[in-house]
Amino acid sequence: MTHTNKQFHIQPGGRLEGRFKVPGDKSVSHRAIMLGSLAEGVSDVTGFLEGEDSLATLAAFRAMGVKIEGPYDGSVRIHGVGMHGLQPPPEPLYLGNSGTSMRLLAGLLAGQTFDSVLTGDDSLSRRPMGRVIDPLTAMGARIDSEAGGTAPLKITGGRALRGIDYALPMASAQVKSCVLLAGLYAAGRTCTTEPAPTRDHTERMLQGLGYAVEVDGPRACLDGGGRLTGGAITVPADISSAAFFLVGASIAPGSDLVLEQVGMNPTRTGVIDILQRMGANIDIANEQVLGGEPVADLHITAAALKGIDIPPELVPLAIDEFPALFVAAACAEGRTVLRGAEELRVKESDRIQVMADGLQALGVSAEPTPDGIVIEGQPQLGGGRIDSHGDHRIAMSFAMAGLRAEAGIVIDDCANVNTSFPEFVALAQQAGLGVTE
Ligand code: S3P
């Protein structure tokens with residue numbers, strides 16, 4: 001694959017205004033394809049994210065013989081094949097940049113009768129997979145990886161899986177979901193216990209498609225051998241994509257923005273809590289439940305933010321939003337301290353180091369620590385050149401930093417914005433950000 005350096009050029013200043021809906025939730029879109037494929041009957045998905053990550057999951061299921069129509073403007077029709085209807089993929093399944101695809105599929109494929117191989121891009125091939133290989137091996141699966149527990153993953157089919165009672169060593173919805181998906185194919189009961197609440201879209205969607213999952217606080221349990229029934233799946237707008245606009249509108253004086261029908265699953269709303277603690281003006285209106293997930297309209301106006309100590313219990317609830325929150329912290333009055341977020345070092349990039357380097361390039365005092373960062377806010381940011389390290393969320397966060405910069409910002413390696421938010425540049429321009437590709 002040829003690698004071109006897609007750049008974002010950001011003009012300094014401006015403000016964000018308007019009213020729109022950001023694209024569909026990435027986590028829910030992955031799960032819609034996976035569970036819709038395993039269900040009996042047709043599942044009609046609306047609001048599907050047409051980003052490279054969720055499209056990689058869609059392509060993987062097509063490669064395993066599932067008939068999937070679309071996406072057409074966020075609509076996807078999946079002709080489910082039932083729990084035992086997947087076909088052996090003719091080639092390794094290439095999952096691009098998508099950690100969710102690889103970790104969830106590893107669980108699901110460990111329970112199939114056929115062998116499979118999962119591959120990804122350079123970033124995904126560096127990310128830790130031992131966290132899913134270990135519990136799956138304990139269930140009786142066989143998964144071979146590169147030394148160090150990285151992809152490609154070679155999954156041997158035809159193994160008899162046994163249910164386990166697994167205490168997750170880290171707060172990870174991907175690991176929890178992987179174990180539960182393998183549990184669908186295991187003999188007996190599979191339970192996970194998480195050290196802190198993580199996104200529960202897998203549990204909700206399983207229940208929505210008729211599979212009994214017992215959830216009791218940090219514990220989720222299911223019995224293997226059940227069935228899923230296809231149905232309508234509504235994907236809410238992605239709060240992780242909304243987060244760039246929540247931060248942008250908060251830091252840019254004069255901003256006034258409404259984001260419609262944003263997913264408000266309580267395991268995902270840490271970004272709102274953290275911004276509100278920093279003094280952000282975010283009004284939550286029109287709360288409703290769509291397809292088993294809460295949504296609301298968010299109205300954001302600019303605010304004078306203050307630095308805070310981020311409560312550790314909010315870390316897993318905002319895990320994907322820290323790059324954007326660090327930009328908010330850089331524009332806040334005073335110091336912001338984050339601890340207990342070592343997971344950020346094993347995301348699409350090392351988000352602690354890459355954000356610290358980028359903020360420093362804009363003249364901000366940002367000191368990385370092993371499990372977090374200390375950021376001293378300042379009234380204005382400098383301009384400069386940022387290396388996003390191919391990490392979509394780093395690129396979009398620094399794009400928003402331009403709203404408070406005194407000179408232009410050039411961001412390198414932005415192609416992966418297409419993994420989660422292909423419409424980002426168009427929507428940001430429409431809202432008033434001076435961004436060009
Ligand atoms: C995800 C879970 C999170 C998150 C990722 C998507 C999911 O990862 O960072 O972007 O869809 O389950 P971890 O569960 O590894 O923290």
Side-chain angles (χ1 to χ4, degrees), residues 10 12-22 236-288 294-311 313-315 317-338 359 364 375-381 393 396-406 421 424 427-435:
I10 317 293
R15 60 171 189 253
L16 299 185
E17 286 174 311
R19 183 182 185 101
F20 55 90
K21 189 171 173 182
V22 298
D238 198 330
I239 190 170
S240 298
S241 297
F244 306 108
F245 291 94
L246 294 177
V247 168
S250 294
I251 64 174
S255 294
D256 188 337
L257 194 65
V258 177
L259 302 173
E260 293 170 342
Q261 295 195 341
V262 178
M264 292 289 282
N265 181 310
T267 60
R268 298 284 299 280
T269 47
V271 61
I272 295 177
D273 292 336
I274 293 170
L275 282 172
Q276 285 178 333
R277 280 164 192 256
M278 295 176 78
N281 293 323
I282 304 174
D283 284 334
I284 300 169
N286 293 333
E287 291 179 79
Q288 49 180 318
V295 301
D297 295 343
L298 303 181
H299 180 197
I300 315 104
T301 53
L305 300 181
K306 296 219 176 340
I308 60 165
D309 278 9
I310 296 173
E313 65 273 15
L314 291 181
V315 169
L317 309 181
I319 195 68
D320 290 340
E321 289 67 70
F322 283 107
L325 286 167
F326 293 174
V327 169
C331 299
E333 186 191 333
R335 171 182 295 185
T336 294
V337 181
L338 173 68
L359 288 171
V364 178
I375 297 170
E376 303 285 350
Q378 53 191 57
Q380 252 207 324
L381 311 178
R393 301 202 194 282
M396 291 184 274
S397 298
F398 280 111
M400 291 298 170
L403 292 162
R404 277 280 282 271
E406 57 193 10
F421 199 165
F424 173 74
L427 278 179
Q429 283 171 345
Q430 177 195 315
L433 180 72
V435 51

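All values below were derived from every heavy atom in this structure, side-chain atoms included, with hydrogens, water molecules and symmetry-related copies excluded.
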Please report the closest heavy-atom contact between [X] and [Y], naming both atoms and the distance.
X: L16; Y: M400; answer: CD1-SD, 4.0 Å
X: G263; Y: V295; answer: CA-CG1, 4.2 Å
X: I284; Y: A296; answer: CG2-CB, 3.7 Å
X: A280; Y: S250; answer: CB-OG, 3.8 Å
X: G14; Y: A252; answer: O-CB, 3.6 Å
X: I10; Y: A399; answer: CG2-O, 3.5 Å

Check: [Y] and [X] side chains under 4.5 Å, non-hydrogen atoms:
X: I272; Y: L298; result: yes
X: R404; Y: V327; result: no
X: P294; Y: P266; result: yes
X: F398; Y: L381; result: no
X: F322; Y: R393; result: no
X: I274; Y: I308; result: yes
X: L338; Y: F326; result: yes
X: R268; Y: D238; result: yes

Is the shortest distance from a Lys or Arg side-chain nitrogen in D309 or R277 to a carboxylate oxygen in the other one below 4.0 Å?
no
N/O donor-acceptor pair under 3.5 Å between Q261 side chain and P236 backbone
no
Keeping E17 on the side-chain end and G432 on the backbone end, is there a donor-acceptor pair under 3.5 Å?
no
Roughly how far apart are [X] [atom1] and [Y] [atom2], rounded to 0.5 Å?
X: L246; Y: N281; atom1: CG; atom2: CG; result: 12.0 Å
X: T336; Y: I375; atom1: OG1; atom2: CD1; result: 6.5 Å
X: F244; Y: L259; atom1: CZ; atom2: CG; result: 12.5 Å
X: S255; Y: L403; atom1: OG; atom2: CG; result: 6.5 Å
X: D297; Y: D283; atom1: CG; atom2: CG; result: 11.0 Å

Can you establish whether the number of heavy atoms outside E333 located under 6.0 Å from its atom CD is more than 12?
no
Determine whether N286 and E260 satisfy the following criterion, side chain to side chain contact (heavy atoms under 4.5 Å, CB included), listing intermediate values before the conclusion.
CA-CA 9 Å; N286 293 333; E260 293 170 342; over 6 Å; no
Before giving the answer on side chain to side chain contact (heavy atoms under 4.5 Å, CB included), spell out for V364 and E376 the whole-Å C-alpha distance, their side-chain angles and the decisive distance to 0.1 Å.
CA-CA 7 Å; V364 178; E376 303 285 350; 5.9 Å; no
For the pair L275 and L325, evaluate side chain to side chain contact (heavy atoms under 4.5 Å, CB included) and give the outcome as yes or no after the intermediate values.
CA-CA 8 Å; L275 282 172; L325 286 167; 3.7 Å; yes
Please work out whether the ring planes of F20 and F245 are parallel, tilted or perpendicular, with thresholds of 30° and 60°.
perpendicular
Would E321 and V247 count as a side chain to side chain contact (heavy atoms under 4.5 Å, CB included) here? Give the steps.
CA-CA 10 Å; E321 289 67 70; V247 168; over 6 Å; no
Kindly indicate, with the supporting measurements, whether the criterion side-chain hydrogen bond (donor to acceptor under 3.5 Å, both in side chains) is fulfilled by D256 and H299.
CA-CA 7 Å; D256 188 337; H299 180 197; 2.7 Å; yes
